[in-house]
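Below is one structure, written out as structure tokens, with a few remarks after it.
Worth saying up front: this structure is predicted, and the values here are computed from it rather than measured. Chain naming here is simple, since letters A, B, ... match the order of the sequence lines and numbering starts at 1 in each.
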2 protein chains.
Amino acid sequence: MDSLSNRQMQILQAIILNYLETAEPVGSRTISRRSPLGLSSATIRNEMADLEELGFIVQPHTSAGRIPSSKGYRLYVDSLLQSGRIPTEDETRVVSAMLRSKTRQLDALLREIGELLSVITRYPTVVTMPNMNRTKLKHLQLIPVDEHSAVLMIVTDGNVVRNHMISMDHALSQDEADMLSSVLNRNLQGLAMEEINLPVIQKLRRELGAEQQIVSSLLDAIQSTVEYANDTEMYTAGTTNILDFPEFSDVQSARAVMEVFHKKDEMLSTIRSTHPTHVAQNLRITIGKENELTAMQDCSVITTTYTVGGETRGTVSVIGPVRMDYGKVISTLGSMMTDLQRALTHDETQEERNQHEGREEKEGDG
Amino acid sequence: MDSLSNRQMQILQAIILNYLETAEPVGSRTISRRSPLGLSSATIRNEMADLEELGFIVQPHTSAGRIPSSKGYRLYVDSLLQSGRIPTEDETRVVSAMLRSKTRQLDALLREIGELLSVITRYPTVVTMPNMNRTKLKHLQLIPVDEHSAVLMIVTDGNVVRNHMISMDHALSQDEADMLSSVLNRNLQGLAMEEINLPVIQKLRRELGAEQQIVSSLLDAIQSTVEYANDTEMYTAGTTNILDFPEFSDVQSARAVMEVFHKKDEMLSTIRSTHPTHVAQNLRITIGKENELTAMQDCSVITTTYTVGGETRGTVSVIGPVRMDYGKVISTLGSMMTDLQRALTHDETQEERNQHEGREEKEGDG
DNA sequence: GTTAGCACTCAACCGTTGAGAGTGCTAACA
DNA sequence: TGTTAGCACTCTCAACGGTTGAGTGCTAAC
């Protein structure tokens, strides 16, 4: 019952493709003329009536053509993924180059990726950093800055650097700072943020006991870093692109969408959607009404994840109108993520190799 | 010729106030009824004709009321500033509290200020950090992170921290890093970014000569920090607020404006406008057509500056439709900046005092 | 100098109308 | 039984034209 005949499938696809182009309801005659099926408009009409009854297309009003429903898009997207005949894009060669030349700081890299992706696809993009909770601490350092302040610097996996300014009542000498730093590193290095719990803090406090004043500020700073870890970092790019599409030509909806883009929590919940969306090939696709936020129900969200340090962590998403070019976005996103992931794991394995075997590098740089 | 009669002034003001409320052209009868002048609509009409000839108001079409021109707003705003009868806002007490409790890191502080300002005024805001070029270096530190990377951390006036990841071919020991750090500090501390020129770099290179490999990466990092210094940091907040106003109810103009908000260079040039705008009480106000970018010619920009370390540096701006509530924005912005400036200079003088006289503090914290 | 009155203008609104696109249904055809 | 041609029907949309109402400019009287 749920499975369509081959012909219905083709008609549905034709409707979707046409609608993706024109953003106008598509009628039976159009399909009859444009598609290679060689059927009359009347036949198409009959099939369309069936497709409508099955919920794959809808009619805005009696005498209009049909437009795909979320269910229709869903079927289309799924078959797109399954058939695997998603073209590979040329533009993404740029990415490889970029990834090679860019700093190895994850945040800068991701920002750039988002930017580029929105330029290529002409859709808004959202990128999230790995959740700090599970990110391992690589290095900590306390640096005295002036008589009343020091910086607690934390470097995590992916070479992401975080700073915390600490105010103090008395000056901290370089030696003291170094001593404290080494205690911090001894106790915390290699731990994930979420592993820094009370016992760990207690142990730290015991070891640091001597330097009372600074210690409490220091522990505060660590504490607030840990708290901050829950607060995922997020970058958006090309948000105004969404205004290009006629479905957002009235200010009300435009405003609603733009607002979501700029509100971190709403955006994150959109991206992390728990709706039973399609997941395949590391792609999560949420289409139209499948979105929880009403403001986003005219949008589709395509999300991929990348991993740093072995565990699934951050996300890269493209957001467009429901009537978006799924094929292109999926392909661009796909190859871009492959590149990104390769770069990330390459770095890691190289690092690990080096850690274990010591010296041994100098690869030709192309 | 250019100076208006008292009555004309009052009429102009009445027109503007009415238009600020309604966003509709205002007719002679409205003024006649609403204003305390006690004049008939006919008289108002005559005066309006004169005001129009002088360019203070315009008529969208023959049988419509009048709306203020940029020149009209200008007169209004100037007299507003001159008369000094700008009310003080209560809401800004929050700021004082915030300023007191917040970290002393300028970037976080400013971000918060922009956010708050956009919530209070319901207009978009833009905040720029002090131009790094003239910002003095307070402290530098090189921190080895792992076998192949180190971080160059730079702290400037206002406790703004910048990091640069450095890749290296061989591991850097803590001792080496400390040695290098102290050379860097000895040579660069107290200098402004723009003062780090070739001779300084040469001198550095000479002193650091021994450690060939790392030195060149290090100098690169410093170089790129200096270059980056030209690139002013900027934060926007509440950009979607602009979509609330009917003057941006068509997507075209909405998109144009939103785009400017998100393009750093365009936004900066808007804020830094060289047009002979009114400057008084540390306020620069650019009204409508006075803006260079066509996309912004339906907007007015109110900019104030704050100083860190004695020199004029960063800006805080509120952007609204030309028909914005100048009085309220000016007052809110004014008192907020007073607070901010007080907090900033307080910190500084306190720091200086401490540097000169050594210990002497312990103020009650509220 | 101010006001009342009047003719005039113009955008906005509204109901009508006709064209066009598209449908569903029926009957004929292969 | 599936496909097609034909036709009546529905609905949107744009254009048209008359009406309304706000507002003006001008003139004449106060």
Notebook entry, point to check: Do A:S41 and A:S28 have a side chain donor and acceptor closer than 3.5 Å?
Noted result: no
Checklist line | Distance, rounded to the nearest Å, where B:L51 contributes CG and D:dG25 contributes P | finding: 12 Å
Margin query: Side chains of A:T240 and B:E259: any donor to acceptor distance under 3.5 Å?
Written below: yes
Item checked: Side chain A:S63 and base D:dC11 donor-acceptor under 3.5 Å -> yes
Checklist line | Dot-bracket pairing map - DNA chain D, Watson-Crick plus G-U, both contacts under 3.5 Å, | cross-strand | finding: ||||||||||||||||||||||||||||||
Notebook entry, point to check: What is the distance from NE2 of A:H61 to C1' of D:dT12, rounded to the nearest Å?
Noted result: 5 Å
Notebook entry, point to check: How long is the line joining CD of B:Q59 and C1' of C:dA11, in whole Å?
Noted result: 13 Å
Margin query: In this structure, how many angstroms lie between the P atom of D:dT24 and the CD1 atom of B:I31, rounded?
Written below: 10 Å
Note to self: So if I take residues 39-47 of chain A and measure heavy-atom distances to DNA chain D, which residues fall below 4.0 Å?
What the structure shows: A:L39, A:S40, A:A42, A:T43, A:R45, A:N46
Check: Are A:M296 and A:I319 close enough that some pair of their side-chain heavy atoms sits under 4.5 Å apart?
Finding: yes
Item checked: Nearest-angstrom distance from the residue atom CZ of B:R29 to P of C:dG5 -> 13 Å
Next item on the list: Using whole Å, report how far CZ of B:R34 lies from P of D:dG23.
Entry: 11 Å
Next item on the list: Round to a whole Å and report the spacing from CG of A:D50 to P of C:dG24.
Entry: 10 Å
Next item on the list: For C:dC10, take OP1 and OP2 only and decide whether either is under 4.0 Å from a side-chain N or O of B:T62.
Entry: yes
Check: Per the side-chain contact (heavy atoms from CB on, under 4.5 Å) rule, which among A:L283, A:T125, A:V77 passes with A:I302?
Finding: A:L283
Note to self: Looking at every non-hydrogen atom in both residues, tell me the closest pair between A:N291 and A:Q297 and how far apart they are.
What the structure shows: O-NE2, 2.9 Å
Item checked: Gap between atoms OH and P, on B:Y19 and D:dG23 respectively (whole Å) -> 14 Å
Check: Are any of B:R66's side-chain N or O atoms less than 4.0 Å away from OP1 or OP2 of D:dG25?
Finding: yes
Note to self: Before you tell me yes or no, could you show the steps for B:L51 and B:L4 under side-chain contact (heavy atoms from CB on, under 4.5 Å), namely the whole-Å CA-CA distance, both residues' side-chain angles and the distance that decides it to 0.1 Å?
What the structure shows: CA-CA 9 Å; B:L51 283 172; B:L4 300 178; 3.8 Å; yes
Margin query: Exactly one of A:Y123, A:Y73, A:Y326 should register a side-chain hydrogen bond (donor to acceptor under 3.5 Å, both in side chains) with A:S300. Which one does?
Written below: A:Y326
Item checked: Residue from A:T303, A:T304, A:T286 passing side-chain hydrogen bond (donor to acceptor under 3.5 Å, both in side chains) with A:S317 -> A:T303
Next item on the list: Using only side-chain N and O atoms of B:R7, determine if any of them is under 4.0 Å from OP1 or OP2 of C:dT2.
Entry: yes
Note to self: For A:T236 versus A:F261, what's the shortest heavy-atom pair and its separation?
What the structure shows: CG2-O, 3.7 Å
